[in-house]
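Have a look at the structure below, then the notes.
Note that the structure is predicted; figures quoted are calculated from it, not measured.
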Amino acid sequence: MQKTKTIMPGTKHRIDSNASIYGIILLLILICQVSPVIAAEVEFSLDSDQTTSSSGYIKLEWRSEIDTEEFELQQSTNKDFSDAKLIYFGPDKASFISGLENGVYYYRVRAQNGDWSETLQVTVEHQSMKLAYTLFALGFVVFALTTFVVIRGAQSTGKVKL
Amino acid sequence: MEHQSYIISPETGWLLLAVLGVLWIVLGMYWGRKAKNMEGFMVAGRNVGLAFGAATAMATWVTSNTTMLAPQFALQLGIWGMIAYSTASFGLFLFAPLAKRIRRLMPFGFTSGDFIRLRYGRSTWFLFLVISIFYGFTWLVSMGMAGGILMNAIAGIPYELGMTVILLVCVVYTLFGGLYAVIGTDYIQSLIILVGIVIVGIGVLTQVNIDTIYTNVVNEKPMLMNALMPAAIMAIFNNMLFGLGEVFHSNVWWSRAFAMREEVGKKAYILSGFFWFPVPIAAGFIALTSSSLGINITSPDMVGPLVSAHVLGKAGAVIVFAVFFCSLASSIDSLLAATSDLITEDIYRKMINPRAGENLLRKVSGGIIIGLGLLSWAVCMPRIGTLATVLFFAGPMVGSTIWPIITGLFWKKANAKGALLGMLLGSSLGLIAYFQLGWYTASLIGAAVSMVTVLICTYFFPEDFEWKGLNEAHASVDKESMKVKSKV
């Protein structure tokens, strides 16, 4: 990166014709080397930049043009990422996040030294406790009656001759 | 490709795959020599003892869905999710008395479809076959997918190749040995699974501090430790009823009930339930360590294999590879055999060619095993979702069969109207719940609706069923042996 400073526009150094050719070549080489980093835009694979979860978990996937670099995934509860937390750093292109409490979470990802992706907003709103208790009670009743029918049935038919 | 970090090299992975594949094929063919007739091929001569009986039930129930889905439950739903998965052992416990009853009522039975046809008639039987074959197929697909995912994550073997090899190995030895081969290989596989899980458990506990895990989960994934997590509370009885429905209706378990000696079935199923119960808890626990170990999980169904292999290192990864291969193979072979029996017996022999002789039935059965393998392979090719989404789609249908089965076995008053409507309404409303509320409610709704329907129909339209109607002779059963067994 140091070399790029010598050929940046606005330099006050005198440049002769040979030097300018070398300079252009060098610039092209550097553009070729640097461009993948600049072009390596990372994007979340979800269709929308807002999504919801009713169970507190979500799988984040992202796309990038380069396979070999490392990615950095951040989570925050503020849109400006003032309390950003590093969730993942490595070569994978997905991360499964779970155990989230009710609230709004913001995620962004970038390739190493690259630009941050668009921010993804995840709203976690767990199912209602009323529904959970209702289904728990219903499940208990079905299970208890099933167990009763099986055990009672086995006892009453066990010794009966067919 | 989402995941790029492999634990063992593809070369080592291929070597392991080859060794295990050849081992199961050789052992399957060795045990399968006893399968000289359809009675041997489909129900292992009805003479399976306690050790093999308990081992095959336990190994079959330790599927990819235990070793891969139980950790996924823990990662998604926390502590309750882990416990919720272990409640599937009630399926085995409660099937124990059913197995005894089944063997007694149907000494010459072959499939669960036989029972539904004789007990409730053809309309209910058709619907039951649709449900049972659909469920068997989704289970098969979920495990084919699991094989591909596992081999890719651990050894970097391409998903398509790993999935193809495991399906091929299971098709080959099931084809040659039928239920004899399945039960024999299950016995060895259950030993490898149990020893492997103990090694993984010790490995995790020696390398990770419980306090660290707890602190990390509370800080990073607080809802996983919350006892009042709504989705987890809903999942407890949903999973329990899904497990009950799976075991109660599936021919995988009925074929074993027919295969075990009459006095063995009940004990074998209770024993297998006790052996199975701690497995999902152990498998689920290691999922909770993933965060404190700094392991990135790209797909929730891979958390178990990834953490295990990470903790135990490369040498340990070989054990993990073997354990997961065994858990997959022991279930795929059972499903291939049981689903093929169901189609051969209930569709081909009962509907298409009632006069088919033993040789023809054996050929048809073999063709169906190959066909099932090919169809599963084709559906597995595009990786269509996580294991949970694939398997639990069958949940409401499976849940709706519980009450038609248990009342059909124990209540004379249970009738076809209740069974048919119970399965139909339970499946429909359960599927609506699957899409409207979530996969963790579908089996519960399916079972509840079916129960209410069966109870109402039994009350208003009571039947007086004659139990002797279930004792049906089979063309391939030796007439003399039938007479002797009937006297006994």
Applying a strict 4.5 Å limit to non-hydrogen atoms, the region of Phe95(B) in contact with chain A is neither
Whatever's closer than 4.5 Å to a heavy atom in chain A on Leu437(B) counts as both
The interface call for Leu241(B) against chain A, heavy-atom contacts under 4.5 Å, is side chain
- Message: Using side-chain heavy atoms (C-beta onward) and a distance below 4.5 Å, is Ile87(A) in contact with Asn296(B)?
- Response: no
Between Ser55(A) and Met229(B) the two heavy atoms that sit nearest each other are O-CE, 3.1 Å
Correct closest heavy-atom pair for Arg104(B) and Thr157(A) would be NH1-O, 3.2 Å
Whatever's closer than 4.5 Å to a heavy atom in chain B on Ser128(A) counts as backbone
Under 4.5 Å to a heavy atom of chain A? For Phe93(B) that would be neither
Output for pair (Leu228(B) CG, His126(A) NE2), nearest 0.5 Å, gives 11.5 Å
Residue Lys267(B) excluded, over 12 heavy atoms near NZ under 6.0 Å = no
Here the gap from Phe140(A) atom CZ to Leu444(B) atom CG, rounded to the nearest 0.5 Å, amounts to 13.0 Å
Here the pair of heavy atoms bringing Met451(B) nearest to Val142(A) is SD-CA, 4.0 Å
Answer key: most heavy-atom pairs under 4.5 Å with chain B among Gly139(A), Gly153(A), Gly90(A) is Gly139(A)
The reported gap from NZ in Lys221(B) to CD in Glu101(A) (rounded to nearest 0.5 angstrom) is 13.0 Å
Assert top hit (heavy-atom pairs under 4.5 Å, partner chain A, pool Ala232(B), Pro97(B), Pro222(B)) equals Pro222(B)
Under 4.5 Å to a heavy atom of chain B? For Tyr57(A) that would be side chain
Here the gap from Ser156(A) atom OG to Phe410(B) atom CZ, rounded to the nearest 0.5 Å, amounts to 7.5 Å
For Glu125(A), the salt bridge (Lys or Arg N to Asp or Glu O under 4.0 Å) test, sequence neighbours excluded, returns none
Taken to the nearest 0.5 Å, the spacing of Thr146(A) OG1 from Ile402(B) CD1 works out to 5.5 Å
ask   = Between Phe143(A) and Phe90(B), how do the two ring planes meet: parallel, tilted or perpendicular, split at 30° and 60°?
value = perpendicular
**Item:** Test item: Gln72(B) and Phe96(A) side chains (from C-beta on) under 4.5 Å apart, heavy atoms
**Value:** no
Turns out that what part of Leu145(A) lies under 4.5 Å from chain B's heavy atoms comes down to both
The interface call for Ile233(B) against chain A, heavy-atom contacts under 4.5 Å, is both
Full working for side chain to side chain donor-acceptor pair (under 3.5 Å) between Thr298(B) and Asp92(A): CA-CA 7 Å; Thr298(B) 54; Asp92(A) 298 341; 5.5 Å; no
Honestly, the part of Ile236(B) sitting under 4.5 Å from a heavy atom of chain A is side chain
Value for CE (Met223(B)) from OG (Ser98(A)), rounded to nearest 0.5 Å, stands at 11.0 Å
